[in-house]
Amino acid sequence: MSEKVVKVGLLGFGVVGQGAWKHLTQGEAGLEKLLGVRIELAKASVRDLKKTRDLSIPSEKLTTDSWEIVDDPEIDLVCELMGGINPARELTLAAIAKGKHVVTANKALICEHGAEIFQAAETSKVHYGFEASVAGGIPIIKAIRESLVANDFKLIYGILNGTSNYILTRMEKEGAPFDEVLAAATELGYVEADEALDLDGFDAAHKAVILAYLAHGIWAPEGGFPIEGIRRISTEDLQAAGKLNCKVKLIAVIRRDFETNGVALGVYPALVPMSEVIARTDGVYNGISVTGDVLGTTVLTGRGAGQDPTASSVISDVVDAVKVIRGDKPPPKLLHTHEGVCRLASPSEVEGSFYLRLTVEDKPGQLARVADTLADQGVSIATVLQSGIPERSAASIILTTHATNEHSISMAIDALESLSGVLDKPVLLRMFDPNNHSK
Ligand code: NAP
Ligand code: HSE
C-alpha cells in the first residue's frame with residue numbers, strides 16, 4: 001500500500017457524485033498502481049441525510065455542511081458535483097483560494113463564472129478540471145485543449161445534450177409521446193434538476209459557450225446568440241425531415257470565419273443531412289464534429305449523460321489533479337492564449353437555409369400570401385409541401401428556403417405570425433449545412 005494519500009471530498013452525492021465514488025472505489029487498486037498514490041474518499045456533502053441512495057457509504061462520511069469539506073486542511077482535492085450557481089461558486093472559489101484542486105461537472109457555473117474561476121485557479125496554481133462538464137463521457141475538453149492544439153477551428157458542431165437527443169430519437173423511432181420519454185430520461189439520471197435546461201436548449205448552450213472559449217477565447221454571453229429547445233418539435237417535423245433525407249437534432253454550432261474572425265454560435269433544433277455522423281447519433285449519445293485547419297474533420301461520439309460515462313470523465317480529471325499534486329506536471333493553462341482575436345458574430349452575418357412549418361386556413365390565395373410575406377423580407381422559397389388537416393379545415397404547409405440571414409428570417413417570422421389565416425405560431429428549424437461559408 002502506498003504511503004502517499006490524496007484525500008478527496010465530494011460536494012454533492014447525487015447521480016454523478018455516487019458514480020464518481022463508486023468507480024473510484026472499484027478502481028482503487030488500479031489507480032494506486034498507476035499513480036503510486038492512494039486516493040482516499042474522505043467525505044461527501046448532501047442536502048438531505050435521510051434521502052435513500054443507491055450507493056451506501058458509512059454515515060459519518062456524509063455531511064450536510066459542504067464547508068466542512070472545503071475547510072478541511074487534510075482534503076487536497078474537491079469534486080464539485082452539486083450543480084447550480086450558488087453555493088457551488090463560493091465553495092469552488094474558497095477551495096481554490098485554499099490551494100485545493102477542484103474537479104467539476106458543472107457547465108452552468110463555468111458558463112456564467114468561468115472567467116473568474118479560471119483566473120482564480122491560475123493565480124492559486126491549482127488544477128481546475130471540467131472534462132465532465134461537456135458531453136458526458138466524451139473526452140472533448142482534452143481533445144480540443146491538448147490533442148488538437150495544432151489547429152485553428154473552422155467548425156465545431158454537434159449534439160451536446162443527451163436528454164433532448166434521447167427524446168427526439170424515441171419520438172422519431174417509436175412515435176412515443178414527449179412526456180413519457182422525458183419521464184424515462186429522468187429515471188435514467190440524464191435530466192438536470194431543472195428540466196428546462198435540457199428542453200429549452202440552455203444546457204447545450206452552456207456547453208457550447210465552454211467549447212467556444214476553449215477553441216476561440218471568447219466568453220459568449222447568454223442573450224448574445226440564438227438558443228432554442230425541442231418543445232415545439234412534432235412527429236410531423238421528424239417525418240418531414242426524413243422526406244428531405246435529414247434528421248432533426250438539437251445541435252450546437254460554433255463556426256469561425258477566418259477572414260473576419262467572427263464566431264457564429266447557436267443552439268437550435270436543425271435538419272441535419274443523413275450523410276453526417278451527427279444525424280445518425282441517436283439516443284443518449286452525444287456527437288461532436290470538429291473541423292480544424294490542420295486536422296480536417298474528426299467526429300467523437302459517446303454517451304453524453306448518465307452516471308457512469310460522467311464518472312469516467314470526473315475520474316480522468318481526478319487522475320490529472322493527482323499528477324499535479326504529485327508534482328509530475330503543472331496544472332494545465334486555463335486562460336486562452338489568444339483572447340481578443342475572435343469576436344461573436346451578429347445575426348446579420350449568419351446565413352443559412354430554413355425549414356418552416358405553418359398551419360393555415362385552407363382557403364384560396366393563402367399560399368400566395370405566405371410567399372409574398374416571405375418575399376417582402378427577401379426570403380426565397382426552395383420547396384413547398386402542403387397537406388390537409390381536415391379536422392381543423394386547415395392545411396399544413398412545409399417550406400424550405402434558399403440561403404438567407406438570421407435577421408431576415410426572424411423579421412419574416414414576425415410578419416407571418418400576424419398574417420391573416422396563419423393559425424398557430426410557425427415552427428422554424430434551421431437546415432444545417434456543414435459546407436456553409438457564412439459571411
Ligand atoms: P443530482 O443527482 O441532483 O445531485 C446533486 C447532489 O448535490 C445531491 O446529492 C444533492 O443533495 C447535492 N446538493 C445540491 N445542492 C446542495 C447544497 N446546497 N449543499 C449540499 N449538497 C447539495 O445532480 P447530478 O445529476 O448528479 O448533477 C450534478 C452536476 O453534474 C450538475 O452540475 C450537472 O449539470 C452535472 N452533470 C450531470 C450529468 C448527468 O448525466 N446527470 C452529466 C454531466 C454533468 P441531495 O442528494 O441531498 O439532494
Ligand atoms: N442533462 C445533461 C444532458 C446531462 O442530458 O446532456 C449531461 O450534461
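Whatever order the structure lists ligands and atoms in, that order sets their numbers, starting from 1.
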Amino acids contacting ligand 1, non-hydrogen cut-off under 4.0 Å: G12, F13, G14, V15, V16, S45, V46, R47, D48, K51, R53, S66, L81, M82, G83, P87, A105, N106, K107, A132, G189, E192, A305, G306, T310
Does the gap between the ring centers of Y268 and F225 come in under 6.0 Å? no
For D203, the ligand 2 atoms whose distance to one of its heavy atoms is below 4.0 Å: 2 (C), 3 (C), 6 (O)
Which atom names give the shortest non-hydrogen contact between A252 and L160, and what distance separates them? CB-CD1, 3.6 Å
Taking only non-hydrogen atoms of K207 and a 4.0 Å limit, the atoms of ligand 2 in range are 2 (C), 3 (C), 6 (O), 7 (C), 8 (O)
Short list, please: which atoms of ligand 2 are under 4.0 Å from a heavy atom of G162? 3 (C), 5 (O), 6 (O)
Counting from 1 in the order shown, the ligand 2 atoms closer than 4.0 Å to a non-hydrogen atom of G304 are 6 (O), 7 (C)
Would you kindly say whether E80 and N106 are connected by a side-chain donor-acceptor distance under 3.5 Å? yes
Decide whether a cation-pi geometry holds between R430 and F354; the criteria are a distance under 6.0 Å from NZ or CZ to the six-membered ring centre and an angle within 45° of the ring axis. no
Just checking, any donor-acceptor pair under 3.5 angstrom between side chains of E122 and Y128? no
The complete set of side chain to side chain donor-acceptor pair (under 3.5 Å) pairs with one or both residues in residues 277-291, sequence neighbours excluded, reads K173-D282, K247-D282, K249-D282, T291-T297
Atom 5 (O) of ligand 2: the protein heavy-atom neighbour that sits closest, reported with distance to 0.1 Å: T163 OG1, 2.6 Å
Using only heavy-atom distances, determine whether the side chains of R357 and S234 contain a donor-acceptor pair under 3.5 Å. yes
Restricting to salt bridge (charged side-chain N to carboxylate O under 4.0 Å, His left out), what partner residues turn up for K61, sequence neighbours left out? none
Parallel, tilted or perpendicular, as decided by the 30° and 60° cut-offs, for the rings of Y190 and Y166: perpendicular
Does V191 reach ligand 2 with a nitrogen or oxygen that is under 3.5 Å from one of the ligand's nitrogen or oxygen atoms? no
Any idea which protein heavy atom is nearest atom 8 (O) of ligand 2, and the distance to it? K107 NZ, 2.6 Å
Considering only heavy atoms of Y190, which atoms of ligand 2 have at least one such atom less than 4.0 Å away? 1 (N), 2 (C), 3 (C), 4 (C), 5 (O)
State the atoms of ligand 2, each with its element, that fall below the 4.0 Å cut-off from a heavy-atom position in D198. 1 (N), 2 (C), 3 (C), 5 (O)
All ring-ring contact (aromatic ring centres under 6.0 Å, His included) counterparts of Y355, not counting sequence neighbours: none
Using a 4.0 Å cut-off to any heavy atom of E192, which atoms of ligand 2 qualify? 1 (N), 2 (C), 4 (C)
Is it the case that E68 and T63 place a side-chain donor and acceptor less than 3.5 Å from each other? yes
